[in-house]
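Following: one structure in structure tokens, then a few remarks.
Atoms within a ligand are numbered from 1 in the order they appear, just like the ligands themselves.
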Amino acid sequence: MWASWLLWPLMAVCAADSFRDQAERIMRDKPVIDGHNDLPWQLLSLFNNRLQDPKANLTTLANTHTNIPKLRAGFVGGQFWSAYTPCDTQNKDAVRRTLEQMDVIHRMCQAYPETFLCVTNSTGIRQAFQEGKVASLIGVEGGHSIDSSLGVLRAFYHLGMRYLTLTHSCNTPWADNWLVDKGDDKAQSHGLSPFGKRVVKEMNRLGVIIDLAHVSVATMKTALQLSKAPVIFSHSSAYSLCANRRNVPDDVLLLVKQTESLVMVNFYNDYVSCQKEAKLLQVADHLDYIKKVAGAGAVGFGGDFDGVSRLPEGLEDVSKYPDLIAELLRRNWTEAEVRGALADNLLRVFEAVEEASNHMQTPEEEPIPLDKLGSSCRTQYGYSEASSFHCPWRALLASLTALIFSLCLL
Ligand SMILES: *[C@@H]1O[C@H](CO)[C@@H](O)[C@H](O)[C@H]1NC(C)=O
Ligand SMILES: *[C@@H]1O[C@H](CO)[C@@H](O)[C@H](O)[C@H]1NC(C)=O
Ligand SMILES: *[C@@H]1O[C@H](CO)[C@@H](O)[C@H](O)[C@H]1NC(C)=O
Ligand SMILES: [Zn+2]
């Protein structure tokens with residue numbers, strides 16, 4: 001009799017292990033492509049982007065969610081590294097700081113060529129898979145990074161940006177962010193302004209994925225309607241399971257389904273359980289839910305590792321993906337559905353974005369109107385109506401100088 005007592009837990013353990021084994025078998029062939037990782041922000045915060053600092057060695061880096069051994073253990077085969085600069089750089093040094101974060105991603109690939117392969121297209125991702133390297137792509141998180149300039153948008157594309165999140169947690173002069181829905185920010189563009197629509201068109205033309213994490217629902221809907229290619233939510237979860245405005249509501253999930261777009265689920269406890277604590281099972285609930293509402297083709301992973309302070313029990317760092325995959329298998333996801341969530345769905349979207357791009361088409365040229373450019377003291381070269389009303393102090397200074405000058409002439 002005691003033998004059967006022993007056998008039961010043993011059998012349970014074996015079943016659990018077989019899902020984990022199956023997950024690893026699948027992931028050896030089809031590793032995960034994650035939509036959002038903030039390791040570059042950690043490199044800035046901890047080392048001021050000095051990769052040669054012995055403590056910044058990515059093989060031994062401690063106290064971060066991400067390092068090379070953890071990426072290997074987690075079967076991470078593709079990563080959109082976030083080139084992020086906070087909203088307080090808007091109208092200040094946002095462009096410079098974004099360039100520096102893009103540079104540190106390039107230097108990661110250069111310093112660890114055995115691990116990272118910087119790529120800019122879907123073919124490159126497949127090549128990295130074959131070489132057993134982490135396909136490394138750049139996602140720019142927040143429209144403030146382009147400083148309302150189509151020229152900067154294009155230059156970022158040339159430097160490897162393959163998604164742009166239209167806003168971070170602040171409005172830009174041309175797109176509203178999620179805090180508008182929360183009631184913390186005032187609606188400004190009510191979605192996208194005419195210039196914001198030109199940004200989306202230009203992203204389509206270039207082949208930059210439109211990322212709708214962090215934007216308001218009105219921005220989501222306008223962009224989904226306007227984009228000629230599918231879009232992504234690089235790190236957002238389901239609003240119906242956790243009513244946080246960073247998450248995607250059901251009516252938008254239906255548009256995701258219609259447009260064959262993609263929601264890459266965020267693991268941050270506050271977006272998973274709406275509480276301080278969360279569990280791996282609750283992340284699986286979000287994946288199940290998005291699959292139910294938008295279809296298995298709409299599901300992906302955007303862990304937000306190294307960008308958040310609290311992660312679910314069982315998903316503490318990037319090494320834990322196989323445990324989440326095992327849970328999906330336990331919930332009867334088919335192997336094809338799992339492969340979709342791991343990589344095929346993102347590859348499908350990326351290929352559609354590449355397909356829809358057209359570099360022969362004339363670039364968008366019409367600049368943002370001067371009076372929409374925010375209140376900081378930029379120069380106004382090129383604007384014919386270059387009045388000085390944006391920088392009243394400068395106008396004042398100019399007339400004072402003129403006055404003093406004419407007085408001196410007297
Ligand atoms: C990181 O440390 C390992 C040994 O732990 C060493 O082999 C490697 O060269 C170091 N890499 C860099 C970029 O410093
Ligand atoms: C993909 O990117 C590589 C460089 O990483 C480039 O050589 C190749 O031509 C690109 N492929 C396509 C189809 O654009
Ligand atoms: C998975 O499928 C099995 C066999 O069809 C069934 O017994 C089980 O209840 C299903 N589990 C879930 C979580 O749907
Ligand atoms: Zn974010």
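Polar contact check, Asn121 against ligand 2: a nitrogen or oxygen pair lies under 3.5 Å apart. The shortest N or O to N or O distance between Asn332 and ligand 3 is under 3.5 Å.
Proximity of Arg162 to Phe350: side-chain heavy atoms (C-beta onward) are separated by under 4.5 Å at one or more points. Side-chain contact between Thr115 and Arg72: present, with at least one pair of heavy atoms (C-beta onward) separated by less than 4.5 Å.
The ring pair (Phe, Tyr, Trp, His ring centres under 6.0 Å) search around Trp41 returns Tyr84, not counting sequence neighbours.
For ligand 1, the 4.0 Å heavy-atom shell takes in Asn57, Tyr112, ordered by chain and residue number.
Considering Asn247, Leu324, Leu287 as possible partners of Val265, the one that fulfils the side chain to side chain contact (heavy atoms under 4.5 Å, CB included) test is Leu287. Looking at Asp304, Asn244, Asn266 one by one, the single match for side chain to side chain contact (heavy atoms under 4.5 Å, CB included) with Ser237 turns out to be Asn266.
Each salt bridge (Lys or Arg N to Asp or Glu O under 4.0 Å) pair with one or both residues in residues 121-134, not counting sequence neighbours, appears once here: Arg126-Glu351, Glu131-Lys133.
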Which atom pairs, donor and acceptor, lie under 3.5 Å between side-chain atoms of residues 221-230 and protein residues at least two apart or in another chain?
residue, atom, partner, partner atom, Å
Lys221, NZ, Asp251, OD2, 2.7
Thr222, OG1, Ala218, O, 2.7
Ser227, OG, Asn204, ND2, 3.2
Ser227, OG, Ala229, N, 3.1
Ser227, OG, Ala229, O, 2.6

